[in-house]
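Atoms considered below: every heavy atom in the structure, side chains included; atoms not considered: hydrogens, waters and symmetry mates. Every chain is numbered from 1, with letters handed out A, B, ... down the list of sequences.
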Number of protein chains: 2
Amino acid sequence: MSSKPIKAPTMTDVARAAGVSPMTVSRAFKAGTNVHSETRRAIVAAADQLGYVMNSAAAGLSSQKTGFIAVTIPSINNANFADTVRGLTEGLRESRLQVLLAYTDYDVNEEEQLVRQLLARRPEAIMLTGGTHTEKCRYMLAHAGIPVIETWDDPVAPVDRVVGFSNAAAAAILVRHLASKGRRKIAFLGGDASRDTRGLDRRRGFIREMESLSLDPTRLVEAGTPPISMREGADALVRLMARWPDTEAVICVSDLAAFGALTECQRRGIPVPGQIAIAGFGAYEISEICVPPITTIDPHCRAIGQLTAKAVRCALGLEVPSKMPVRQLIEPALLLRASTGD
Amino acid sequence: MSSKPIKAPTMTDVARAAGVSPMTVSRAFKAGTNVHSETRRAIVAAADQLGYVMNSAAAGLSSQKTGFIAVTIPSINNANFADTVRGLTEGLRESRLQVLLAYTDYDVNEEEQLVRQLLARRPEAIMLTGGTHTEKCRYMLAHAGIPVIETWDDPVAPVDRVVGFSNAAAAAILVRHLASKGRRKIAFLGGDASRDTRGLDRRRGFIREMESLSLDPTRLVEAGTPPISMREGADALVRLMARWPDTEAVICVSDLAAFGALTECQRRGIPVPGQIAIAGFGAYEISEICVPPITTIDPHCRAIGQLTAKAVRCALGLEVPSKMPVRQLIEPALLLRASTGD
DNA sequence: TGTCTAAATGTTATCGATAACATGGTCAAT
DNA sequence: ATTGACCATGTTATCGATAACATTTAGACA
């Protein structure tokens with residue numbers, strides 16, 4: 001069936017079948033146009049009969065409106081980014097804009113390719129996860145002539161608009177909390193340095209805050225290539241305890257790594273939080289439901305998506321008043337759980 | 001910056017800047033064409049300088065090749081579908097095809113909308129998750145004139161090609177295994193009936209196999225609207241034990257629900273697998289790493305994606321020999337773990 | 001009745017690229 | 001010198017829709 005390339009019907013075909021001009025068909029498919037109800041009915045009938053599906057590439061070319069916004073996320077298998085996309089989709093539902101998704105695999109070079117491909121389809125705006133890009137990528141974005149929204153970060157030199165938070169500050173919150181509970185030998189468990197700039201920012205925030213509290217900031221364990229899996233979190237905990245057996249707390253780059261570390265403690269009979277406290281990042285469901293539940297940071301993923309939607313609407317003039325700060329920062333929340341003795 | 005709608009440069013702009021005709025620019029960007037190396041260099045330089053990005057809508061219109069395939073998945077936050085997409089992407093890397101992703105939220109009406117929007121962009125093939133669609137959706141797919149691949153299912157009346165497995169048979173495998181271990185009072189924990197047809201198929205397979213073993217197939221707990229969260233799995237376990245306190249095993253529609261149920265047992269001091277055995281579905285990482293690890297079914301997600309890629313290449317004649325069965329069934333694997341006493 | 005307005009529809013040009021064909025050069029073989 | 005093959009490039013028509021303008025018709029109102 002698929003092997004016969006029966007050419008898909010065009011608007012002209014529908015027009016002929018309905019006995020009108022192509023322009024009338026075009027209007028019939030667009031809301032808010034003056035087409036006689038009977039004519040419209042005949043056109044819709046003809047279209048259904050032919051199995052007609054509009055060619056939106058042609059429509060976009062002609063009208064210069066493609067009706068979608070592009071979104072890059074690091075991974076399609078991440079509850080945090082999924083929530084952000086959900087918030088974005090919700091916030092755009094009322095408008096005529098769809099979301100076109102692509103994932104970068106936590107790689108800025110992959111991102112550059114992707115951004116090129118996405119911009120080639122002429123989105124009306126683009127949302128990026130993170131504020132670190134290749135030079136070429138920044139240049140393309142800046143010259144695309146559309147609103148660009150960087151999220152999940154607080155970039156020093158934003159391309160355009162920002163909806164995010166400081167990953168470094170979020171890590172610092174955890175450090176301060178653990179220190180306030182009397183834990184002094186605190187480790188950071190994260191991915192290796194080449195990718196996942198948000199994870200790197202968290203590590204940077206960890207180091208800075210440890211220093212400012214006059215604590216040793218060198219207990220850093222590399223768990224592998226981001227995204228860090230639960231297994232990698234577990235393995236890294238083994239290395240951590242081998243090298244620094246007296247560690248009193250570990251801050252993990254994500255809840256998934258934290259959960260992996262927790263399970264390893266369970267397998268080894270290390271009491272949590274008795275001997276070691278564990279904290280994660282992201283407020284994933286697992287951190288709430290596991291036993292014991294894990295202290296974490298909630299970055300308000302969905303709100304990021306919703307605010308991004310608003311930023312897009314403002315930038316495109318779909319919202320009145322169309323004023324809104326170009327840089328929107330969200331305050332992450334600390335969720336205290338049993339894994340840190342709370 | 002984004003507020004000034006500086007029109008993006010076109011191929012004609014690049015041509016002018018490089019002192020050649022637009023056609024030469026077009027050729028310069030296409031591999032395997034004869035363009036003098038110096039000319040090409042000048043064109044690329046001009047394009048970079050202008051921040052030129054090709055308009056692939058126009059290119060697709062003209063060449064009748066859009067260079068992408070459409071993919072619908074139920075959710076962007078699911079490791080199983082993510083793995084399938086990854087396998088697909090890998091399998092398509094060598095070809096000129098990109099993947100365009102959209103998610104249905106486990107809703108066939110949403111899927112219909114989505115399929116219409118995707119077909120409107122004229123993909124060269126489309127992959128769907130599941131074999132259940134609205135009538136209109138099937139009609140559109142059948143008339144799109146492109147290869148259609150239904151996955152993650154074994155549909156009775158496929159639209160075109162299939163790469164999948166029987167969800168019912170997979171559930172039956174679990175039933176047989178638990179029965180063979182002497183468990184007779186087995187429950188099924190799944191989502192309510194209106195959505196997620198793959199989950200429904202698993203339940204159907206559970207009931208049929210229980211009946212054929214002369215066991216009571218009526219211990220069915222509804223955990224909420226798919227996708228079932230860990231929390232919903234935990235809550236459902238509470239209801240299950242309230243209603244049928246003597247239950248000896250529970251098969252969950254996914255590993256996430258199974259893990260939720262497991263944590264609830266831990267909170268309530270119910271021994272697993274001592275009092276109750278727990279099995280999941282999907283071979284998610286969590287089922288392997290949690291304590292105790294959970295018995296599950298591995299549907300070979302990535303292989304589904306890879307085979308789909310191959311099916312696409314065959315259907316489009318990119319592969320020699322371009323012969324391949326139209327219906328590819330994969331055998332899910334049973335992974336035995338401690339949660340069922342293995 | 002005549003004039004005006006709005007609704008309903010058609011006509012033409014255009015969006016940005018590429019296919020198909022046309023053209024002018026270079027170089028080797030005859 | 002002639003032929004032909006091939007390379008490099010230009011020209012024209014076209015993909016499928018829509019914007020902008022043109023036209024026709026029906027009804028409202030003076």
Side-chain angles (χ1 to χ4, degrees), chain A residues 5 7-43 46-47 50-68 96 116-117 119-124 144-145, chain B residues 5 7-43 46-47 50-68 96 116-117 119-124 144-145:
Chain A
K7 238 174 65 92
T10 74
M11 198 169 262
T12 307
D13 297 326
V14 176
R16 188 170 19 236
V20 295
S21 77
M23 194 63 229
T24 303
V25 178
S26 172
R27 279 190 273 255
F29 282 121
K30 183 131 135 199
T33 50
N34 289 323
V35 176
H36 197 87
S37 60
E38 218 155 296
T39 311
R40 176 171 266 138
R41 190 144 27 83
I43 289 171
L50 290 170
Y52 171 71
V53 175
M54 162 109 99
N55 184 330
S56 64
L61 225 207
S62 179
S63 68
Q64 304 286 49
K65 298 197 175 220
T66 50
F68 76 95
R96 57 183 172 66
R116 186 191 310 283
Q117 293 167 3
L119 292 180
R121 301 194 190 279
R122 296 294 187 269
E124 302 192 23
Chain B
K7 240 175 62 98
T10 73
M11 196 169 264
T12 307
D13 297 326
V14 176
R16 188 170 17 235
V20 295
S21 76
M23 194 63 230
T24 303
V25 177
S26 172
R27 279 189 273 253
F29 282 122
K30 185 131 133 197
T33 50
N34 289 322
V35 177
H36 196 87
S37 61
E38 218 156 296
T39 311
R40 177 171 266 138
R41 190 146 27 85
I43 289 171
L50 290 170
Y52 171 72
V53 175
M54 164 110 98
N55 184 330
S56 64
L61 225 207
S62 179
S63 68
Q64 305 285 49
K65 297 195 175 215
T66 51
F68 77 96
R96 56 182 174 66
R116 186 191 310 283
Q117 294 168 3
L119 292 181
R121 301 191 190 281
R122 298 293 186 268
E124 301 191 24

Give the nucleotide from the list [options] with an atom nearest to the side chain of [X].
X	options	answer
B:His36	D:dT9, D:dG16, C:dT9	D:dT9
B:Met23	D:dA17, D:dT11, C:dG16	D:dT11
B:Ala58	D:dA17, D:dA19, C:dA17	C:dA17
A:Thr10	D:dA17, C:dT18, D:dG10	D:dA17
A:Met11	C:dT18, C:dA20, D:dT18	D:dT18

Need one value for A:Tyr52: base, sugar-phosphate or nothing, where a base atom within 4.0 Å counts as base even if backbone is also close, heavy atoms only.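 Answer is sugar-phosphate: A:Tyr52 comes under 4.0 Å of backbone atoms only.
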
Mind checking if B:Val25 touches a base, just sugar-phosphate, or nothing, with heavy atoms under 4.0 Å? nothing

Spacing of [atom1] belonging to [X] relative to [atom2] belonging to [Y], to within rounding of 0.5 Å:
X	Y	atom1	atom2	value
B:Tyr52	A:Leu119	OH	CG	12.5 Å
B:Arg40	B:Thr33	CZ	OG1	4.5 Å
A:Met11	A:Phe29	CE	CZ	6.5 Å
B:Asn34	B:Thr39	CG	OG1	11.5 Å

Ignoring hydrogens and geometry beyond distance, is a side-chain donor-acceptor pair present between A:Arg121 and B:Thr66 at under 3.5 Å? no

Rounding to an integer number of Å, can you tell me how far [X] [atom1] sits from [N] [atom2]?
X	N	atom1	atom2	value
B:Arg27	C:dA19	CZ	P	10 Å
B:Gln64	C:dG16	CD	C1'	14 Å
A:Arg16	D:dG16	CZ	C1'	13 Å
A:Lys30	C:dA8	NZ	P	17 Å
B:Met54	C:dC15	CE	C1'	16 Å
A:Asn34	D:dA19	CG	C1'	16 Å
A:Asn55	D:dT14	CG	C1'	14 Å
B:Asp13	C:dC15	CG	C1'	13 Å

Of A:Pro9 and B:Pro22, whose closest DNA chain D nucleotide lies nearer the 5' terminus?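 That would be B:Pro22.
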
Go through it in stages, so that I can follow the logic: the residues are A:Arg122 and B:Val53, the test is side-chain contact (heavy atoms from CB on, under 4.5 Å), and I'd like the CA-CA distance, side-chain angles, deciding distance and then a yes or no. CA-CA 9 Å; A:Arg122 296 294 187 269; B:Val53 175; 4.1 Å; yes

Check whether any side-chain nitrogen or oxygen of [X] sits under 4.0 Å from OP1 or OP2 of [N], and answer yes or no.
X	N	result
B:Lys65	C:dA17	no
B:Ser63	C:dA17	no
B:Thr24	D:dG10	yes

C:dT18 base to B:Ser62 side chain: any donor-acceptor pair below 3.5 Å? yes

Mapping B:Ser56 and A:Ser21 onto DNA chain C by nearest heavy atom, which one lands closer to the 5' end?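 On the 5' side of the pair lies A:Ser21.
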
